[in-house]
Amino acid sequence: MLQSTDSERLVIQKEKTTMATEVELKPVSEQSEYVLGMQVDKKTRPQKVPSLCSVRYGMAFLAHLSNFTFIAQNSIISITMVAMVNSTDNQPHLNSSTEGLPTNLNGDQHEALKDLSVKAPVYNWSPQTQGFIFSSVQYGMMLMQGPGGFLAGKLGTKKVVGVALLGSSLLTLFIPLAANLGLAVLLATRAIQGLTQGAGFGGQFALWQRWAPPNERSRLCSIALSGMVLGIFAVLLVGGVISEALGWPFVFYIFGGIGCICCLLWFILVYDDPASHRWISGPEKEYIISSLHQQVSSEDQPLPIKAMLRSLPLWSICLCTMTHQWLVNTFIIYTPTYISSVFKINIRDNGFLSSLPFFVAWVVGILGGQLADFLLSKNFRLVTVRKIITILGNVPPVALIVALPYVQSSYITTIAFLTLSCGLSPLCQSGVYINALDIAPRYASLLLGTSRGLAHSSAVLVPIVGGFFLNQDSEFGWRNLFFVLLAVNQFGLIIYLVFGKADVQEWAKERTLTRL
């Protein structure tokens, strides 16, 4: 009887061990539930704490400020190019005299002298050369956003973004001198600046792995990303005024100095996670950490590279982000040039008109995050919200921009179309842009950085394609450029609508193995 009892106990013990092992071999998603794509234990579901004056929204504001700085320094040349280029002078040398810069692309130089009189160099760059200058900064951004996200996961967002801010700001201060030294030096400076900005853009995403509760993810990320739009608005608004009053080099000096100040604030106020923050309240720290406590960082386990490469949802995110960035970069690069070529206005008025669409875009971008989280609170499926927001950020804007050549005879209609088109496009910040946080929260910084890096191939291609079309025919070139935009944009959107997902993918779930 004793031997029989011992045998039964041994069998029962083996069965328990086997069952425990089987349970632990299952994805964690079967043992806990997901809230908006984030894994959260049922027993420790966090209680929401007030957001007003909270530290996590302070982090979003600082990320907003860093993005403002990066994109402002990136896009300065879009408005100063109108002043830097002497399209009425066929001489290849620069003119450092007190002659006024021609702000009228096809007008009389004497009329331009009345509008603008500054002491600044003037260069004889063709539209194609200008396209290369525009795109030179984008090569580094394309290459470094993925590595920037990976480095931030290893070293911390504070170090990676802080160093990137400092490097980009110093190079911005150097650009006027680089232009004087020659086209090759200017292109090299812009390319190196792109590397620093790429690391900064990619590195910031690691912040939201540790600071963004799932039910606030859309609004926090939209606040941070909207800084890019505000940066463009500020440059276009004051860039023309500064160029007219002081000369175009001072636009680079002023925004380079602003970047140095932002860098100082970043190093003082930003912390990589709530646990290390000195001034965060206890309830807020517990709220953030408990809402994310099941999330495992990417360095804890090897990257499932093969599974990532085979993931259609991930590829659809990358492609749709790239095609939407094609639209965004068309706005950033060519809005001042388009307004100048159609309405023949001076650089100051050009700056005011060009900045208006980006102010609307800044407001809509922030409200888009609120809209996404509101829809989620009304029990809309996460994937439905992401796709609805992405559609709204793609279809109306591209339809309006394609219509521009057909309404350019009307000043008011053209500006209205430009404003609405650019204003609606940032809705994607709460859609496809942060979708990687939903499908793979453990690898979010790497994947968001990589997807944005691939998307920046559009920033390289847009000025090259635009320079090609506009160099051939200025009238029909705009129409052809906008039709190419339509085809590219809608192709990426369709792929995303078909293959896009918002649930955590199998390769992104934690699997625990028990050694017997």
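Since the structure is predicted, the reported quantities are computational estimates derived from the model, not experimental observations. Only heavy atoms go into these numbers, but all of them, side chains included; no hydrogens, no water, no symmetry mates.
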Interatomic spacing from OG in S421 to CG in L400 - rounded to 0.5 Å: 5.5 Å
K158 to F267, cation-pi by 6.0 Å centre distance and 45° axis angle: no
Donor-acceptor contact present, side-chain H324 to main-chain L493, <3.5 Å: no
Testing the basics here: between M308 and L447, what is the closest heavy-atom pair and its distance to 0.1 Å? SD-CD2, 3.9 Å
Over 60° means perpendicular and under 30° means parallel, so tell me whether W211 and H277 are parallel, tilted or perpendicular. perpendicular
List the residues meeting side-chain contact (heavy atoms from CB on, under 4.5 Å) with I268, not counting sequence neighbours, and say none if there are none. L264
Is there side-chain contact between N74 and F201, with at least one heavy-atom pair below 4.5 Å? no
Is it true that a side-chain atom of R479 and a backbone atom of L404 form a donor plus acceptor pair closer than 3.5 Å? no
Do L166 and W266 pass the side-chain contact (heavy atoms from CB on, under 4.5 Å) test, and can you show the C-alpha distance, the side-chain angles, and the key distance before you say yes or no? CA-CA 10 Å; L166 179 61; W266 181 271; over 6 Å; no
Spell out, as yes or no, whether a donor-acceptor pair under 3.5 Å connects the side chain of N480 to the backbone of F476. yes
In the structure I gave you, are the side-chain heavy atoms of V395 and Q490 within less than 4.5 Å of one another anywhere? yes
How about Y139: does its OH atom have over 12 heavy atoms from other parts shown lying under 6.0 Å from it? yes
Check whether W248 reaches the backbone of M81 with its side chain - one donor and one acceptor, N or O, closer than 3.5 Å. no
Going from CG on L170 to CD1 on I192, what distance comes out if it is rounded to the nearest 0.5 angstrom? 12.5 Å
Quick check: do L481 and L485 have side-chain heavy atoms less than 4.5 Å from each other? no
Side-chain (N329) to main-chain (Q325) donor-acceptor, under 3.5 angstrom: yes
Give the C-alpha distance, both sets of side-chain angles, the deciding distance and a yes or no for side-chain contact (heavy atoms from CB on, under 4.5 Å) between T157 and V270. CA-CA 9 Å; T157 305; V270 168; 5.5 Å; no
Whether T335 side chain and I332 backbone form a donor-acceptor pair below 3.5 Å: no
Do F491 and V488 have side chains that approach each other closer than 4.5 Å (heavy atoms only, starting at C-beta)? no
Aromatic ring pairing F250/Y253, orientation class (parallel under 30°, perpendicular over 60°, tilted between): perpendicular
Can you check side-chain contact (heavy atoms from CB on, under 4.5 Å) on C221 and Y433, steps first, answer last? CA-CA 9 Å; C221 289; Y433 277 49; over 6 Å; no
So V235 and T80, do their side chains get closer than 4.5 Å, heavy atoms only? no
How many angstroms lie between atom CD1 of I317 and atom CG of N435, to the nearest 0.5 angstrom? 3.5 Å
Of all heavy-atom pairs between V161 and G200, which one has the smallest distance, and what is that distance? CG2-O, 3.6 Å
For the atom pair CZ (F417) and SG (C422), what is the distance rounded to the nearest 0.5 Å? 15.0 Å
Please give me the minimum heavy-atom distance between W326 and T330, naming the atom from each residue. O-OG1, 2.7 Å
On a heavy-atom basis, the closest approach of H64 and W362 is CE1-NE1, 3.1 Å
Under a 4.5 Å cut-off applied to non-hydrogen side-chain atoms, are P357 and F331 in contact? no
So do the side chains of N124 and V85 get within less than 4.5 Å of each other, counting heavy atoms only? no
When you compare the side chain of W279 with that of V55, does any pair of heavy atoms fall below 4.5 Å? no
V432 backbone acceptor or donor facing T390 side chain under 3.5 Å: yes
On a heavy-atom basis, which atom in D438 and which in R386 lie closest, and how many Å separate them? OD2-NE, 2.7 Å
The test is side-chain contact (heavy atoms from CB on, under 4.5 Å); show your working for N394 and Y496 and say whether it passes. CA-CA 12 Å; N394 279 280; Y496 176 68; over 6 Å; no
In terms of ring plane angle, is the pair F255 and F68 parallel, tilted or perpendicular, where the classes change at 30° and 60°? tilted
Gap separating the CD1 atom of I339 from the CD1 atom of I415, nearest 0.5 angstrom: 4.5 Å
Side chain of S430, backbone of G369: donor and acceptor closer than 3.5 Å? yes
Heavy-atom donor-acceptor pair, Q130 side chain to W125 backbone, under 3.5 Å: yes
Smallest heavy-atom separation, P396 atom then I391 atom, equals CD-O, 3.6 Å
One should read off an interatomic distance between F482 CZ and L327 CG, to the nearest 0.5 angstrom, of 10.5 Å
Just by modelled atom types, is the A164 backbone N or O under 3.5 Å from a matching donor or acceptor in the S168 side chain? no
